[in-house]
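Just the heavy atoms: all of them, side chains too, but no hydrogens, waters or symmetry mates, feed the values below.
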Amino acid sequence: ECREMGIPLLPPDIQSGEWHFTPAGNAIRFGLGAVKNVGRNAVEAIVAARQEAGPFDSLFHFCERVDPRALNKRVLESLIKAGAMDSLGERGRLYAAIDRALEAGQKVQRAREAGQQDLFGGAAVSAAESARLPDAPPWEEARVLAGEKEMLGFYLTGHPMRQYQEKLRDLGTVRSCELSLYSAQKEVALGGILGSVRVARNKRGELWASAVLEDLDGSVDLLFFPEAYKRLGSELKQDAVVFVKGKVLVEENAPPKVSVSELLPLNAVEPALASAVVIRIRLGSGDGSVARKLRELFEEKRGEAPVRLEFERAGAFQAELEPEIRVRPDPDFAHRARALCGKDAVLLI
């Protein structure tokens, strides 16, 4: 909903976040209370420490100031995975420093409670001043996103499916948010990440399964009826990136579902080559450059598929041309032709 309305959803943040979701300019800040394993006592202790002495300078500074009774290793791990401590350093280095930071912070807290002061009235030991984050390799994007999904239920700073956008377009998949536009029993193809996989038995004792497929635009419920489950059950794996085909199931007052007939790892699926290509060119400035670059592309991608060029000038005329050249319309051809003529200008048949 936020994406459709153009409202950014920001990660939770120990420097500004509250228990609830809160406005942050034109954006919404994820609530600290929505982070898995982080309870109200921990959030209240973080907010109290922040209000008392301002922003946190480091992980060690954080552990020194927040009430240790509300802080433990599990809370820190969850906050780091959720991205709530990104202002203090890279997640991999923060994660590697958790034990040391907790120990150092507890020492300072104990010293403060015992009244051990130096000549200038400060704590006898300052973890915030003396400790640095250890060297540790940065987390790969897959681990960063997996941590966000685990702690927040969402991919917040990215999405594993973004790298497959071009491929899904070449495969002719539909987006989950478009399923409501299709009639019952319509054959569709989708791509996404499997989640919430559940296997059960029907009244006849046959196994069937359900799952949720998540793409960049939302999610859709998948159903694997007994015959399909017998064939595809071994491929039903949590967090697998898959390509599915099936029929749209329409229920009254409920989002559409898909009865799956085919499921494959997305990496194992390749777009079929089109038998013909239609390229629509909107005439205007720079036409000569576009024509020259298209010709160079045709020469590079020679193959068996015929080409039809459709020329348009708004409110003026249309014309068609079928050059003798034949091309090989692979995904790279489609991507480069779209870049030249616009995303809606290339039709692969």
Side-chain angles (χ1 to χ4, degrees), residues 1-3 8-22 27-43 45-46 56 59 62-63 66 70-99 101-102 133-134 136-164 176 191-199 209-222 235-242 265-267:
E1 292 293 340
C2 285
R3 192 159 48 234
L9 183 58
L10 305 178
D13 185 8
I14 58 169
Q15 308 288 17
S16 61
E18 305 285 343
W19 173 257
H20 295 291
F21 286 66
T22 53
I28 295 175
R29 174 70 66 184
F30 212 96
L32 289 170
V35 179
K36 187 177 179 180
N37 304 324
V38 179
R40 184 176 286 275
N41 288 343
V43 174
I46 292 168
F56 304 103
L59 176 63
F62 177 87
C63 292
V66 177
L71 207 59
N72 57 43
K73 184 174 182 178
R74 193 178 189 190
V75 169
L76 281 184
E77 288 176 344
S78 300
L79 289 171
I80 292 170
K81 287 181 180 180
M85 307 190 84
D86 284 357
S87 61
L88 305 182
E90 196 276 324
R91 296 183 198 184
R93 298 182 67 192
L94 290 171
Y95 205 82
I98 288 176
D99 290 333
L102 280 172
L133 292 177
W139 284 359
E140 296 180 355
E141 184 184 28
R143 184 174 181 183
V144 169
L145 296 178
E148 292 176 1
K149 178 75 172 188
E150 178 187 359
M151 294 300 123
L152 307 176
F154 296 92
Y155 298 112
L156 216 53
T157 59
H159 199 287
M161 294 306 297
R162 290 201 189 283
Q163 61 181 304
Y164 299 105
S176 60
I193 302 171
L194 282 179
S196 302
V197 177
R198 187 173 70 89
V199 179
S210 65
V212 173
L213 185 77
E214 181 177 344
D215 62 13
L216 285 167
D217 299 283
S219 61
V220 57
D221 289 336
L222 305 180
E235 298 295 335
L236 266 175
K237 300 173 183 177
Q238 187 78 16
D239 298 325
V241 179
V242 298
L266 185 54
N267 285 331

#### Entry: Leu216 vs Arg162, side chain to side chain contact (heavy atoms under 4.5 Å, CB included): CA-CA, chis, key distance, verdict
CA-CA 7 Å; Leu216 285 167; Arg162 290 201 189 283; 3.6 Å; yes
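- With rounding to the nearest 0.5 angstrom, the NE2 atom of His159 is 8.5 Å from the CG atom of Leu145.
- When side chains are defined from C-beta on, Ser210 does not count as touching Asp221, because their heavy atoms never get closer than 4.5 Å.
- Across every non-hydrogen atom of Gln238 and Gly195, the tightest pair is NE2-CA, 3.5 Å.
- Ring geometry for Phe21 versus Phe30: interplanar angle of 30 to 60°, hence tilted.
- Here CD1 of Ile80 is found 5.0 Å from CG of Leu94. Values are rounded to the nearest 0.5 Å.
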#### Entry: Stepwise side chain to side chain contact (heavy atoms under 4.5 Å, CB included) check, Val35 with Lys81
CA-CA 9 Å; Val35 179; Lys81 287 181 180 180; over 6 Å; no
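- Note that the CZ atom of Phe62 and the CD1 atom of Ile14 stand 5.0 Å from one another [nearest 0.5 Å].
- Between Val241 and Met161, the closest side-chain pair of non-hydrogen atoms falls below 4.5 Å.
- Note that CG of Leu32 and CD1 of Ile46 are 6.0 Å apart. Values are rounded to the nearest 0.5 Å.
- Ala97 approaches Leu133 most closely through the heavy-atom pair CB-CD2, 3.8 Å.
- Side-chain contact between Asp99 and Lys73: present, with at least one pair of heavy atoms (C-beta onward) separated by less than 4.5 Å.
- Between the side chain of Glu18 and the backbone N or O of Arg29 there is no donor-acceptor pair closer than 3.5 Å.
- With Tyr95 as the aromatic partner, Arg143 meets the cation-pi criteria of under 6.0 angstrom to the ring centre and within 45 degrees of the ring axis.
- Heavy atoms only, all atoms of each residue included: Pro12 and Gly31 are closest at CB-O, 4.4 Å.
- Note that the OH atom of Tyr155 and the CD atom of Glu148 stand 10.0 Å from one another [nearest 0.5 Å].
- The shortest non-hydrogen separation linking Val43 to Gly33 is CG2-N, 4.1 Å.
- Side-chain contact between Ser78 and Lys36: absent, with no pair of heavy atoms (C-beta onward) separated by less than 4.5 Å.
- Residues passing the side chain to side chain donor-acceptor pair (under 3.5 Å) test with Glu141: none are found, sequence neighbours excluded.
- Ala136 and Gly92 make their closest contact through CB-O, 3.9 Å (heavy atoms, listed as atom of the first residue, atom of the second, distance).
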#### Entry: Check against side chain to side chain contact (heavy atoms under 4.5 Å, CB included), Leu213 and Ile193
CA-CA 5 Å; Leu213 185 77; Ile193 302 171; 5.9 Å; no
#### Entry: Verdict with supporting geometry, Val242 and Glu235, side chain to side chain contact (heavy atoms under 4.5 Å, CB included)
CA-CA 9 Å; Val242 298; Glu235 298 295 335; over 6 Å; no
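- Side chain of Glu140 to main chain of Ala142: no donor-acceptor pair is present (N/O by atom type, distance under 3.5 Å, no hydrogens or angles).
- Between Leu59 and Arg93, the closest side-chain pair of non-hydrogen atoms is not below 4.5 Å.
- The two residues Gly83 and Pro11 have their closest heavy-atom pair at O-CB, 4.5 Å.
- In terms of the side chain to side chain contact (heavy atoms under 4.5 Å, CB included) criterion, residue partners of Val75 (sequence neighbours excluded) are, by chain and number, Val38, Ala42, Leu71, Asn72, Leu79.
- A distance of 12.5 Å separates CZ in Arg198 from CG in Leu236, rounded to the nearest 0.5 Å.
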